[in-house]
**Q** 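Have a look at this one.
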Amino acid sequence: MNRSPQYNGTEIGRRSFLLATVGAGVSGCHLLSAGKSGKPGVPPVTIINRQRAASSPQVAAVPLVFTDISASAGISWQFNNGTQNIANIREPFIVQTGGGVALWDYNNDGFLDVFAVQGGPLPGSVAGTDQYSTQNVLYRNNGNGTFTDVTKEAGLVGPTGYGQGVSVADYNNDGWPDLYITSLGGNHLFRNNGDGTFTDVTEAAGVADRFLPGLPQRVCWPTSSAWADYDNDGNLDLFVCHYCQWTPEIDRYDTLGAFPAPMQFPPSHCRLYHNNGDGTFTDVTARAKIQDQWGKSLSAVWLDYDDDGWPDLFVSNDTMANFLFHNNRDGTFTNLAVPTGAAYDMMGHATASMGIGVSDYLHNGRPDLFVVNYAEEAKTVLQNMGGTFKNCSQESGLSQNNMQYLGFGLECFDYDLDGWPDVVIGNGHVSPMVAKATVDGETFAQSQLLLHNQGNGTFVQDDRSLGDLVHPRVTRGLAVGDFDNDGDVDIAMVSQLGPLTLFRNDGGNSNHWLTVRLEGVRSNRDAIGARVTVVTAAGRQTQWVRSGSSYCSHSDMRLTFGLGSATRVLRLEVLWPSRHVQHHDHLTADRFYWVREGDDPAHDPRINKLATRS
C-alpha cells in the first residue's frame, strides 16, 4: 500500500519525490500509476464534494441515490483499529489493514444480516476499559428496516485476535452458512448450529492459521479469505491470503515518523486448506504448490477464467506482481499471471493492489477482473480474452479516474438495474498525515466512487447517485447485497475508527430485475462456482456465485440481474459446479427465485412477499 523503493520507503519520501518532480516541471501533470517511470500523461484528477454530486448530470438509467440508514436501522457499532488503546500516536502500520464486513443470511429467514470484524486492541497492548469495543458484531435483520445486535446470544462474544477480514460458506453442506474470521493471533471458524448460535470449531477443523509453515517465529498476517471447491468433490475448500511476515519489532515507524513501507516487511505466502468432507481440513499449501509463490497478498477471488470446469484463483499483491493460480486439475496450481497478462499494470509495473471485483462487463460470457490500487495508480481492468487477459484500464476510462483516491473495497453490481454491471469503490488512505505532504489533493478520509457501465466497454463517474456515499470516510471492507429485499442492491462499509454503515439503494428498482438463489445437490450446497446466464430481448448477461471478494469482505451470494425495461426473462441457464446444465424459459421479472440443482425454479420460500417497486 506504500510506494516503491525510489520513494525511500516512506510516505514522506514518496511525497518528497512527487514535489521534486512537479517542481522540476513535469508538464503540470500527475505521475502515471505505479510511480516508477516518472512519465507524465495523466490528466488532472476530479475532486468530489456534496454540492457537486447533487448538481451532477444524470448518469444512471433511472434516478437513484444511496442513503445512509444506519442510525434508523439501529446500527451503532464502530471499528477500533487499536490506536485508541496506545499512548504513542505513532501507531504501527498494521492498524490500517483491518475492517472486513459480510452481508449474509445466517438464520435462513430470507433477510441479509450483517457481520463486522473488530480490530483493536493491538497485539501486545492492554485493552481499554470498554470491552465491547474489542468485540466483533452480528446484527440480525428484523425484516422491517431495523437490525438487532445478537452477538452475545449467537455465541460470538469473545476475543478472536486482531481482526482483519471475514468470509462465509456452508463448509459442511448442512444448509446453514458458517463464518470464517481472519485475524492476527489465529483465524477462527464458527460452525452455524442452525438455531441462531455458533460453535468455534477452529481447532477441530484445523484452520487456525497462526504461524507460517516452516517459520514458526513469524506470526501470520492474514487478510482476505475465499471459498471454492477446487477439486470438484462437492466440498468447499478454503484459501487464505497472507500479507507480510509480521513481528512487533518490524512494524515500527521510521525516524521520520512515517509508516514502514511494505518493502520493509519480508514477503509471505498464502495458505490453501482442503476440505476432507468430515468437518476437518488438511493444509495442502505445499502439496498444491501455493507455497512456492511469495507475495504480499491482500485479496483473492476464485474464478474459472479459462472455462475448463475447474476453479482458478486470482490474488492481488501489494507492490509485487499479482498471482493467477491456474488449476492443474490434479490438486496443484501454477502461477500463470505473467504469461496471461494478469500480473502487472498497463505499463508493466507491479502495483499496490487491494480490492478485487469480478463481472462480465462486456456481456461476452467471460469473467473479467477489476482491481483497485494505491493513490496515483491506475485502477485496473483486465478483460478476459478466453485464457489470457487484456489490460483495458485506459480504454474503459478507469485508469484516469480520481487518481488521488486510495481504494480498498471494490465490488461489481448493477446498481441501476439497466442490465450492465457497474463498479463501487470504497476509498481511504493509509496515512493520517497524507494531507501534510500532498501535491494532488489527497486526504486521509475520502469520498467513495460509483462508476457506471455505459454498455460499450467504458465507465463514467456517477456523482449524482452517490448520495451519502460522498461523505469522506477511511473505508476498508465493502460488501453489496439487497438487505431490504426490494430488488435493488445495497451497500455495507466499514471504515477505520469509524462506523459500520449501511447505504440503502433508493430508486434503483425503478427498472426491472430478477434475483436467483441457488442450492446445490450434486454440487456444493452453496453452489459456489455456478454460472448463471439470463437472456432477455436485450441480450445475454452472466454472473457467477462466489464467496469472498472485494477487500476482506463477503457479499450476498444471491445473484441479482438488472433487466431494464424487460418484464420477462426468456431463458435462465445454470451451469452447476458438477457441470450439470439446466435451462428454464419464460420467467416473470421482479421476483426472487430459488433454483435447486435438478429442479425447476420456484418462488423463493424464504421471501414471504413479492418485492415492491418504488
Side-chain angles (χ1 to χ4, degrees), residues 100-106 108 112-115 117 164-182 187-192 205 207 209 222-241 270-275 281 297-305 310-316 325 327 355-359 367 369 409-413 477-481 489 492 516-520 523-532 543-560 576-577:
V101 60
L103 287 174
W104 62 315
D105 183 7
Y106 83 94
N108 287 347
L112 292 178
D113 311 296
V114 187
F115 181 87
V117 175
Q164 298 290 290
V166 57
S167 62
V168 173
D170 182 5
Y171 79 92
N172 56 0
N173 287 327
D174 67 352
W176 296 92
D178 309 297
L179 189 69
Y180 189 70
I181 299 169
T182 57
N187 300 339
H188 290 263
L189 177 63
F190 287 95
R191 185 188 66 218
N192 191 329
V207 291
D209 195 32
T223 50
S224 299
S225 57
W227 297 81
D229 181 8
Y230 77 83
D231 56 352
N232 289 339
D233 66 352
N235 299 306
L236 291 172
D237 311 298
L238 173 64
F239 182 85
V240 182
C241 291
C270 301
R271 213 163 203 163
L272 179 64
Y273 293 97
H274 177 261
N275 189 333
F281 293 77
S297 303
L298 288 170
S299 296
V301 64
W302 291 92
L303 74 165
D304 183 6
Y305 77 94
W310 296 78
D312 313 295
L313 186 69
F314 179 78
V315 181
S316 64
F325 290 114
N327 192 330
I356 308 171
V358 177
S359 77
L369 288 165
L410 182 153
E411 271 292 3
C412 301
F413 72 124
L478 179 156
V480 299
V489 181
V516 180
R517 176 174 65 88
L518 299 184
E519 181 181 323
S523 308
N524 66 85
R525 184 74 174 258
D526 284 334
I528 291 173
R531 182 182 73 200
V532 179
Q543 295 187 40
W544 295 262
V545 180
R546 294 178 287 107
S547 169
S549 60
S550 184
Y551 174 75
C552 286
S553 297
H554 174 91
S555 293
D556 187 3
M557 285 196 289
R558 298 178 301 183
L559 304 179
T560 295
W576 297 88

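These numbers come from the heavy atoms of this one structure, side chains and all, not from hydrogens, waters or symmetry mates. Index from 1, following the sequence.
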**Q** So which pairs with a foot in residues 545-559 pass salt bridge (Lys or Arg N to Asp or Glu O under 4.0 Å), sequence neighbours left out?
**A** E411-R546, D556-R558
**Q** Drop me the distance from L179's CG to S167's OG, to the nearest 0.5 angstrom.
**A** 7.5 Å
**Q** Test of understanding: with salt bridge (Lys or Arg N to Asp or Glu O under 4.0 Å), list the residues that count as partners of D526, not counting sequence neighbours.
**A** none
**Q** Write down the atom of G100, the atom of S553, and the distance for their closest heavy-atom approach.
**A** CA-OG, 3.8 Å
**Q** Holding to side-chain hydrogen bond (donor to acceptor under 3.5 Å, both in side chains), I want the full list of residues that pass it with D105, two or more places apart in sequence or in another chain.
**A** none
**Q** For Y305 and P367, which heavy atoms make the closest approach, and how far apart are they?
**A** CA-CG, 4.3 Å
**Q** Would you check if D178 and V168 make a side-chain contact, meaning some heavy-atom pair closer than 4.5 Å?
**A** no
**Q** If you take all heavy atoms of V240 and C270, which pair is closest and at what distance?
**A** O-CB, 3.2 Å
**Q** Quick one: list whatever passes side-chain contact (heavy atoms from CB on, under 4.5 Å) with W176, sequence neighbours left out.
**A** N108, D174, N192
**Q** With sequence neighbours left out, what residues match Y180 under side-chain hydrogen bond (donor to acceptor under 3.5 Å, both in side chains)?
**A** N187
**Q** Can you name the nearest heavy-atom pair linking P311 to N232, along with the distance?
**A** CD-OD1, 4.0 Å
**Q** Once side-chain contact (heavy atoms from CB on, under 4.5 Å) is applied, do any residues pair with D233, and if so which ones, sequence neighbours excluded?
**A** D229, D231, N235, H274
**Q** Please identify each residue that fulfils ring pair (Phe, Tyr, Trp, His ring centres under 6.0 Å) with F239, with sequence neighbours left out.
**A** none
**Q** Say you draw a straight line from CG of L518 to CH2 of W576; how long is it, rounded to the nearest 0.5 Å?
**A** 4.5 Å
**Q** Hey, could you give me the CG/OH distance between L410 and Y551, rounded to the nearest 0.5 Å?
**A** 13.5 Å
**Q** S224 side chain to L298 main-chain N or O, any donor-acceptor pair under 3.5 Å?
**A** yes
**Q** Any heavy-atom pair between the side chains of L303 and L369 that's under 4.5 Å?
**A** yes
**Q** Check salt bridge (Lys or Arg N to Asp or Glu O under 4.0 Å) between R531 and all other residues, then give those that pass, not counting sequence neighbours.
**A** D307
**Q** As an exercise, state the distance from CZ of F190 to CZ of F115, rounded to the nearest 0.5 Å.
**A** 7.0 Å
**Q** Can you label the angle between the F281 ring and the Y171 ring as parallel, tilted or perpendicular, going by 30° and 60°?
**A** tilted
**Q** For H554, does its backbone N or O pair with a side-chain atom of S547 as donor and acceptor, under 3.5 Å?
**A** no
**Q** Can you sort out the partners of T182 under side-chain hydrogen bond (donor to acceptor under 3.5 Å, both in side chains), two or more places apart, ordered by chain and number?
**A** none
**Q** Specify the closest pair of heavy atoms between P222 and D209, including all atoms of both residues, with the distance to one decimal.
**A** CB-OD2, 4.0 Å
**Q** For the pair S299 (side chain) and S316 (backbone), establish whether a donor and an acceptor sit closer than 3.5 Å, ignoring hydrogens and angles.
**A** no
**Q** Which pair of heavy atoms, one from L238 and one from S225, lies closest together, and at what distance?
**A** CD1-CB, 4.1 Å
**Q** What residues, two or more places apart in sequence or in another chain, satisfy side-chain hydrogen bond (donor to acceptor under 3.5 Å, both in side chains) together with W302?
**A** none
**Q** Going by the rule side-chain contact (heavy atoms from CB on, under 4.5 Å), which residues pair with R525 if we only count those two or more places apart in sequence or in a different chain?
**A** D170, N173, E519
**Q** Contact between L103 and S555 at the side-chain level, heavy atoms closer than 4.5 Å - yes or no?
**A** no
**Q** Specify whether W104 and Y106 have parallel, tilted or perpendicular ring planes, treating 30° as the upper limit for parallel and 60° as the lower limit for perpendicular.
**A** tilted
**Q** Is there a donor-acceptor pair under 3.5 Å between the side chain of N327 and the backbone N or O of D312?
**A** no
**Q** Atom OH of Y273 and atom OH of Y230: how far apart are they, to the nearest 0.5 Å?
**A** 12.5 Å
**Q** What distance do I356 atom CD1 and C241 atom SG have between them, rounded to the nearest 0.5 Å?
**A** 7.0 Å
